[in-house]
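See below for the structure under consideration.
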There are 2 protein chains.
Amino acid sequence: MITSRDVAKFANVSVSTVSRAFREDVYISKEKKNKVLAAASKLGYTPNHMAKSLKSNKSHTIGIIITDIENSFYIQITKFVENEIKKAGYRLLITFSNEDPERELECLKLLSASRVDGIIFTPSSRTNKDFIDKLRDQNILIIQTYRNLFDYLDSIVNDDEYGAYMATKHLIDHGHTQIIMTDQPNGVKINGYQRALLESNLPFDPNNIIILPVGFEFQDNLSKAIKTRNPSAIISGNNVISSYILKICENLNRNVPKDLSIIMYDDNEWISLNDITVVSHSIERLSQHITSTLFKKLNTDKQEHQLSTIKLEPVLIARNSVKNIYRQ
Amino acid sequence: MITSRDVAKFANVSVSTVSRAFREDVYISKEKKNKVLAAASKLGYTPNHMAKSLKSNKSHTIGIIITDIENSFYIQITKFVENEIKKAGYRLLITFSNEDPERELECLKLLSASRVDGIIFTPSSRTNKDFIDKLRDQNILIIQTYRNLFDYLDSIVNDDEYGAYMATKHLIDHGHTQIIMTDQPNGVKINGYQRALLESNLPFDPNNIIILPVGFEFQDNLSKAIKTRNPSAIISGNNVISSYILKICENLNRNVPKDLSIIMYDDNEWISLNDITVVSHSIERLSQHITSTLFKKLNTDKQEHQLSTIKLEPVLIARNSVKNIYRQ
DNA sequence: TTGTAAGCGTTATCAC
DNA sequence: GTGATAACGCTTACAA
């Protein structure tokens, strides 16, 4: 392994000079700096990030826990965030929890072991509260995105309640009354759904709600609900559920929007290509709020921190997956 | 920050005992181990990965450079690989090159600074050869996937040449002669395309080839080619190009497969939902070969290493995006 | 402006 | 089985 000592020897300087050559705002002559950099390049030396962090007690690393890698929404956010934090001289350590609290704990432990300066994550549940509190005690900044499950942590979420309200309202306005609402647990979409029904004096039927972790059971329940309850419309809680719905429609031979109207959550390329109406969140906006909140706190004293809970309003993009029943 | 010293003090043992409590196959009494672990848990201590690595000169980290995060193919592979290496006690450091050699170099430097034990990457070009050679000199294992651009590096690739041959042959067998072939630079698909034409005594027209980095210029050229050359079929080199093609078809009002037949590369959910014929690679198989190659080398002496170049055969999944011109 | 040396948190080595 | 201590590669007072 090439160390700063090797470079120092090669360039005929001390190790501290080598160290100085690799940082800004530090006293070093142009001449020596160039000499060191040339030697480093010749030897293929890169400063050891771990030794650096050990000394400075700052890893300059942000950890992110992605709950669901199949959901392109999270991937997009990760891409934006990585880009932003790289500009600020940080790196991103990406882990996958798969919406499983046990794996989430593993991720948290890995990030803790890596002594990350901050963690961005979508809590799968409140299961790991104790460990999260310990991390906070150790001055690790923790930001929740997408779901706000800990009221003492910063959060940047989409206003899903309002999104669901808009979607339900849009369907009601087009004459739908039998609407199935789907989502994963721990969401607030159902509240918006209920509110819209109430406002229009429509009955709320709990059998029209499918809230389950994604997986076979979800697909099965959904498929049965479509067959037996014969709804005129479905609202999909996220990208993964969306693909279930389209699969089921194909299997049951239901045409969208002739036999069944659909509104999905989280726009993407194939949803747009399939001309499906969505509740859309701006990924850029969400990502920007995440990184700006992160760096604001990272660069100020802990005493001055105040909780920031940001809720971003979605928009409804009307395409052609909702039938107007009144014009039948 | 909680260190092993804090835990040692709390549990009334030495730091060495704390260290021993956190590893297997080492002499320590059950009693002390439990005592230490309890203290650690109470204090919220996690061993500092960086200090450990610094000492052991092993980061137990594998780096991966994802060329294109928009391409779900790479995301799937990353997911599998992460899972596998985690089982082996390693962690995955994920970086994004965006097919840009300059960013690729940044990624390589970051991974080098992190002293990863191995790197999995799809080379964007041969631009960074010098730096890659330096990394190899420093005993960092480097594996190429998807593209084999360095003949002295291990590689696990799909047989794209054969895939393109199959796709072209399939189209020819269905009566197509005007076939546009698309891909990103540095690929070998064009060779398979040419071979299939040759075998069927069809002329090879270079104007039917669009090989460019993905982006606006690509879309523009492709759109023009479809309008002016009026091909009966297109082969898409990857997921990203695939979405361009569908967008263009929509804009130009070409129905698939009535007006234009399409074969895509790399199967995924929406391609399958849209009933499009694909050249498909098994992501599981590719990932397994990557991890098994990785660990085989990681666990043996460098002297015993021999180059492994694995080429995986794809399959053609015929769906309904190719018109049979003979049956017109 | 440059060099010397201590120390970051861990583990390996060696006593006990 | 357990504890003291040196060392990993780097940064940073402090000295020169």
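Throughout, a chain's letter reflects where its sequence line sits, starting with A, and its residues are numbered from 1. The structure presented is a predicted model; accordingly, all values stated were derived computationally and were not measured.
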Under 3.5 Å, is there a donor-acceptor pair between the [X] and [Y] side chains?
{"X": "A/Thr309", "Y": "A/Ser155", "value": "no"}
{"X": "A/Arg91", "Y": "A/Thr61", "value": "yes"}
{"X": "B/Gln184", "Y": "B/Asn238", "value": "yes"}
{"X": "B/Tyr152", "Y": "B/Asp133", "value": "yes"}

*Take A/Asp130 and A/Lys134 through the test salt bridge (charged side-chain N to carboxylate O under 4.0 Å, His left out) and record every step on the way to the result.*
CA-CA 6 Å; A/Asp130 286 352; A/Lys134 295 259 172 52; over 6 Å; no

For the pair made of [atom1] in [X] and [atom2] in [N], what is the distance, rounded to whole Å?
{"X": "A/Lys32", "N": "C/dT1", "atom1": "NZ", "atom2": "P", "value": "12 Å"}
{"X": "B/Arg5", "N": "D/dG3", "atom1": "CZ", "atom2": "C1'", "value": "13 Å"}
{"X": "A/Leu54", "N": "C/dC8", "atom1": "CG", "atom2": "C1'", "value": "4 Å"}
{"X": "B/Asp6", "N": "C/dC8", "atom1": "CG", "atom2": "P", "value": "12 Å"}
{"X": "A/His49", "N": "D/dC10", "atom1": "NE2", "atom2": "P", "value": "12 Å"}
{"X": "A/Ile2", "N": "D/dC10", "atom1": "CD1", "atom2": "C1'", "value": "16 Å"}
{"X": "A/Tyr27", "N": "D/dA13", "atom1": "OH", "atom2": "P", "value": "14 Å"}
{"X": "B/Lys58", "N": "D/dA7", "atom1": "NZ", "atom2": "P", "value": "23 Å"}

Taking only the side-chain nitrogens and oxygens of [X], find out if one of them lies under 4.0 Å from OP1 or OP2 of [N].
{"X": "B/Tyr45", "N": "C/dT10", "answer": "yes"}
{"X": "B/Ser29", "N": "D/dG1", "answer": "no"}
{"X": "A/Ser16", "N": "C/dG3", "answer": "no"}
{"X": "B/Ser14", "N": "D/dG3", "answer": "yes"}
{"X": "A/Thr17", "N": "C/dG3", "answer": "yes"}

*Along DNA chain D (nearest heavy atom to each residue), the more 5'-positioned of B/Lys55 and A/Thr46*: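 The answer here is B/Lys55.
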
*Using a 4.5 Å cut-off on heavy atoms from C-beta on, say whether the side chain of A/Ile140 contacts that of A/Ile119.*
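Touching, per the 4.5 Å side-chain cut-off.
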
*In terms of the nearest nucleotide of DNA chain C, which residue is placed more toward the 5' end: B/Arg20 or B/Ala51?*
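Result of the comparison: B/Ala51.
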
*Sequence-distant partners of B/Ser112, side-chain hydrogen bond (donor to acceptor under 3.5 Å, both in side chains), two or more places apart*: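 Result, side-chain hydrogen bond (donor to acceptor under 3.5 Å, both in side chains) vs B/Ser112: A/Thr46.
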
_Proximity to the side chain of A/Ser4 - top-ranked nucleotide from C/dT10, D/dC10, C/dT11_ =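 For A/Ser4, the side-chain atoms sit closest to D/dC10.
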
*If you check the A/Val13 side chain, which of C/dG3, D/dT2, D/dC10 turns out closest?*
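That would be C/dG3.
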
*Using the ring of each side chain (for Trp, its six-membered ring), is B/Tyr90 parallel, tilted or perpendicular to B/His60, with breaks at 30° and 60°?*
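Rings of B/Tyr90 and B/His60: tilted, 30 to 60°.
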
*Five-pair end axes of the helix from C/dT1-D/dA16 to C/dC16-D/dG1, angle between them (10°)*: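 One end axis against the other gives 40°.
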
*Mind checking A/Asn57 for me? I need base, sugar-phosphate or nothing, with any heavy atom below 4.0 Å counting as a touch.*
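Nothing: the residue A/Asn57, judged by heavy atoms under 4.0 Å, touches no strand.
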
